[in-house]
Amino acid sequence: MNRTHKAWRVGDDIDTDQLAPGAYMKFGIADIARHCLEGVRPDFAGGVRAGDVLVAGRNFGIGSSREQAAAALVQLGLRAVIAPSFSGLYFRNAFNVGLLLLTCPRAGEITEGEQIGIDLANGCVLRADGTPLPCEPVPGFLLDMVQAGGLLLQLKRRLADGSLPRHPLRA
């Protein structure tokens with residue numbers, strides 16, 4: 001872990017409509033992303049840079065099952081979302097589109113604008129002063145999905161290289 005990431009803070013209960021506002025759902029993901037979090041952080045979509053991280057409070061991603069809520073953050077170049085808890089649907093959608101989520105009970109200690117590190121090998125976030133904040137382990141298959149850029153890209157790659165196992169009922 002040599003790279004640091006700028007932290008953007010939001011509070012508890014950030015729902016999918018704040019991440020991907022319903023009024024823009026008829027447009028493509030680039031348009032949706034331009035309005036990401038505008039109701040709570042009007043400066044976010046225009047100010048976030050590739051590699052930055054979003055640090056949230058509890059219940060991040062509650063609400064509908066729209067995968068655009070995670071895809072908008074990928075479109076904006078976010079490295080990860082760090083929060084004490086996530087909606088189950090959002091959690092799966094995020095990894096499916098290649099967004100890393102870190103469940104960190106002490107995420108609230110990270111300050112706005114702080115430069116933090118992500119140490120996946122040791123399962124923690126490193127604060128600017130070097131203090132490690134332990135995170136719940138992310139299963140390897142989910143890390144592989146993030147590395148591939150999401151589930152569809154991972155499956156395409158595995159189909160192309162022949163590493164996707166054949167269905168046991170089909171010969």
Side-chain angles (χ1 to χ4, degrees), residues 1-16 18-20 29-30 32-38 40-62 67-154 157:
M1 186 246 30
N2 293 334
R3 179 129 193 258
T4 61
H5 312 276
K6 178 184 175 184
W8 291 77
R9 294 290 322 226
V10 292
D12 293 340
D13 304 317
I14 297 296
D15 65 37
T16 55
Q18 291 167 318
L19 295 161
I29 194 62
I32 295 168
R34 279 196 288 277
H35 299 280
C36 183
L37 293 171
E38 69 184 3
V40 293
R41 285 292 310 252
D43 60 330
F44 179 74
V48 70
R49 299 291 174 250
D52 288 355
V53 297
L54 184 60
V55 180
R58 296 180 321 265
N59 304 318
F60 187 84
I62 59 172
E67 75 176 27
Q68 295 91 336
L73 295 177
V74 172
Q75 177 73 27
L76 293 171
L78 227 63
R79 169 66 174 113
V81 179
I82 303 164
S85 61
F86 297 91
S87 155
L89 282 171
Y90 188 86
F91 190 86
R92 189 55 200 215
N93 282 340
F95 282 97
N96 283 348
V97 299
L99 178 61
L100 177 63
L101 300 184
L102 296 172
T103 305
C104 179
R106 294 173 52 194
E109 296 177 28
I110 301 168
T111 60
E112 173 73 25
E114 185 174 349
Q115 294 290 322
I116 62 168
I118 296 173
D119 184 350
L120 291 175
N122 293 306
C124 66
V125 171
L126 293 173
R127 296 204 54 211
D129 67 4
T131 302
L133 302 177
C135 300
E136 291 181 11
V138 178
F141 78 96
L142 291 178
L143 291 176
D144 291 345
M145 208 179 295
V146 168
Q147 174 117 19
L151 179 60
L152 289 179
L153 292 174
Q154 181 185 47
R157 185 175 303 149

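Position 1 is the first residue of the sequence; numbering continues from there. In this text, all values refer to a predicted model and were calculated from it rather than measured experimentally.
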Strictly distance-based, threshold 3.5 Å: is any side-chain N or O of [X] a donor or acceptor partner for the main-chain N or O of [Y]?
X    : Y    : answer
H5   : G51  : yes
D119 : N122 : yes
R41  : R9   : yes
T103 : S85  : no

Minimum heavy-atom distance [X]-[Y], with the two atoms named:
X    : Y    : result
C124 : P134 : CB-CA, 4.1 Å
A83  : G57  : CB-O, 3.5 Å
A33  : A45  : O-CB, 3.4 Å
R127 : T111 : NH2-CG2, 4.0 Å
C135 : L102 : SG-CB, 4.1 Å
A80  : L99  : CA-CD1, 4.4 Å

*asked:* Quick one, T131 with R106, criterion side chain to side chain contact (heavy atoms under 4.5 Å, CB included). Give me CA distance, side-chain angles, the key distance, then yes/no.
replied: CA-CA 11 Å; T131 302; R106 294 173 52 194; 4.1 Å; yes

*Q115 CD: over 12 foreign heavy atoms closer than 6.0 Å*: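 More than 12 within 6.0 Å, yes.
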
Any chance you could measure [X], atom [atom1], to [Y], atom [atom2], to the nearest 0.5 Å?
X    : Y    : atom1 : atom2 : result
N96  : E67  : CG    : CD    : 7.5 Å
I110 : L126 : CD1   : CG    : 10.0 Å
S87  : I14  : OG    : CD1   : 13.0 Å
L76  : W8   : CG    : CH2   : 10.0 Å
M145 : Q147 : CE    : CD    : 12.5 Å
K6   : E112 : NZ    : CD    : 6.5 Å

*Verdict with reasoning, L100 to L143, per side chain to side chain contact (heavy atoms under 4.5 Å, CB included)*: CA-CA 8 Å; L100 177 63; L143 291 176; 3.9 Å; yes

*Run through V74, N93, V97, I29 and flag the one making a side chain to side chain contact (heavy atoms under 4.5 Å, CB included) with Q68.*
I29

*For F60, which of V81, I82, V55 qualifies under side chain to side chain contact (heavy atoms under 4.5 Å, CB included)?*
V81

_Within the structure provided, determine whether D52 and F44 are in side-chain contact (heavy-atom separation under 4.5 Å)._
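The answer is no, as the side chains (C-beta and beyond) never meet within the 4.5 Å cut-off.
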
*Using the ring of each side chain (for Trp, its six-membered ring), is F95 parallel, tilted or perpendicular to F91, with breaks at 30° and 60°?*
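F95 vs F91 ring planes: tilted.
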
*Output, in order, the C-alpha distance, side-chain angles, deciding distance and verdict of side chain to side chain contact (heavy atoms under 4.5 Å, CB included) for L37 and L19.*
CA-CA 5 Å; L37 293 171; L19 295 161; 3.8 Å; yes

*asked:* Between L133 and E109, is the side chain to side chain contact (heavy atoms under 4.5 Å, CB included) condition met? List the steps.
replied: CA-CA 9 Å; L133 302 177; E109 296 177 28; 3.4 Å; yes

*Charged N-O contact under 4.0 Å between R58 and D12*: yes

